[in-house]
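The structure displayed is predicted, hence computed values, not measured ones. Residue indices begin at 1 and follow the sequence shown. What's counted below: heavy atoms across the whole structure, side chains too, no hydrogens, waters or symmetry copies.
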Amino acid sequence: MFNLNNRFFNKLRNEEIRIHHDEPDAGLQVAQGLFAQLPSTLSRRPIVFVCIGTDRSTGDSLGPLIGTLLKDKEPHPFHIYGTLDDPIHALNLADKIEEIKKLYTNPFIIGIDACLGRMKSVGIIQIGNGPVKPGAGVNKELPEVGEIHITGIVNVSGFMEYFVLQNTRLHLIMEMAKTMADGIYQASLLYGRNSSFVDVKHRINQEQGKIN
């Protein structure tokens, strides 16, 4: 699907990636940036996406809309939490994270959320190390989520943030969500193929060990 040489791979892994959602190859760039941040398939860590937000606010619906689009795509071997039907938001975030950690052994969690930024950055998708900090834009104290983050800058910060999120254009949210979900799905295909290869190689090594 795409090729990552070592130099480019290390750059993607060590730096925050910023991609405008309407670039012609934005989905591919999201896939490359995300894949570079994922643990090796050899680690066997479950990959869990936590899509944060609520459909009660247009700007804050980016996360659950991405989750819904991904559920439809079934991006095996990734696990998706947070959809329009079953959102993860301020009231249940801590409980959902605890539930995920009980369900999976040492999960690699990726936090997805909308955020606010400068005018010229609206429409930018960011991928990088460290957790997402939900609620920071509207001065809420919520648990940080994820070892890496994927965020979308949906509107301008600095004044009446809650009102700004409520009045964000749905068209922008939809276009960003489609690009981000497409990129995550592309990354799942490559990651899944690598997992299959590792599984096959592991079984071959086991059989050879029995023969020897």
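- Qualifying salt bridge (charged side-chain N to carboxylate O under 4.0 Å, His left out) partners for E175, counting only residues two or more places apart in sequence or in other chains: K178.
- Aromatic ring centroids of F49 and F78 lie under 6.0 Å apart.
- Linking ILVMFWY side-chain heavy atoms closer than 4.5 Å, directly or via other members, places L103 and I97 in a single hydrophobic cluster.
- Among E16, K133, E144, the single residue meeting the side chain to side chain donor-acceptor pair (under 3.5 Å) criterion with H149 is E16.
- For P143 against A94, the heavy-atom pair with the smallest separation is CG-CB, 4.1 Å.
- Side-chain contact, R18 with S121: a donor N or O sits under 3.5 Å from an acceptor N or O.
- Open room surrounds CG on D85; 12 or fewer heavy atoms of other groups in view lie less than 6.0 Å from it.
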Exercise. When you look at Q126 and C115, which way does the side-chain contact (heavy atoms from CB on, under 4.5 Å) test go after all the steps?
Worked result: CA-CA 10 Å; Q126 304 173 127; C115 65; 3.9 Å; yes
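- The OG atom of S61 sits 9.5 Å away from the CE atom of M174 when rounded to the nearest 0.5 Å.
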For this session: Could you go through the side-chain contact (heavy atoms from CB on, under 4.5 Å) check for Y191 and I47 one step at a time?
Result: CA-CA 10 Å; Y191 195 81; I47 308 298; 3.8 Å; yes
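- Within the model, atoms CZ of R45 and CG of N106 stand 4.0 Å from one another, a figure rounded to the nearest 0.5 Å.
- Applying the side-chain contact (heavy atoms from CB on, under 4.5 Å) test between I110 and each of L38, V50, I127, V132 identifies L38 as the sole match.
- With hydrogens and angles disregarded, no donor-acceptor distance shorter than 3.5 Å links the side chain of D72 to the backbone of L69.
- Salt-bridge annotation for D86 and K71: absent, with no side-chain N of the basic residue lying under 4.0 Å from a carboxylate O of the acidic one.
- Looking at L116, I124, V122 one by one, the single match for side-chain contact (heavy atoms from CB on, under 4.5 Å) with V154 turns out to be L116.
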For this session: Apply side-chain contact (heavy atoms from CB on, under 4.5 Å) to the pair T58 and Q166, showing each step before the final yes or no.
Result: CA-CA 5 Å; T58 306; Q166 290 278 9; 5.7 Å; no
For this session: Show the numbers, then the answer: is there a side chain to side chain donor-acceptor pair (under 3.5 Å) between T168 and N155?
Result: CA-CA 7 Å; T168 299; N155 215 323; 3.0 Å; yes
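- Between the side chain of S43 and the backbone N or O of P39 there is no donor-acceptor pair closer than 3.5 Å.
- A side-chain contact (heavy atoms from CB on, under 4.5 Å) with I112 is found for exactly one of I150, T151, I52, namely I150.
- At distances below 3.5 Å, not a single donor-acceptor pair connects side-chain atoms of T179 with backbone N or O atoms of A26.
- A pairwise comparison of heavy atoms in P134 and L93 identifies CG-CD2, 3.6 Å as the closest pair.
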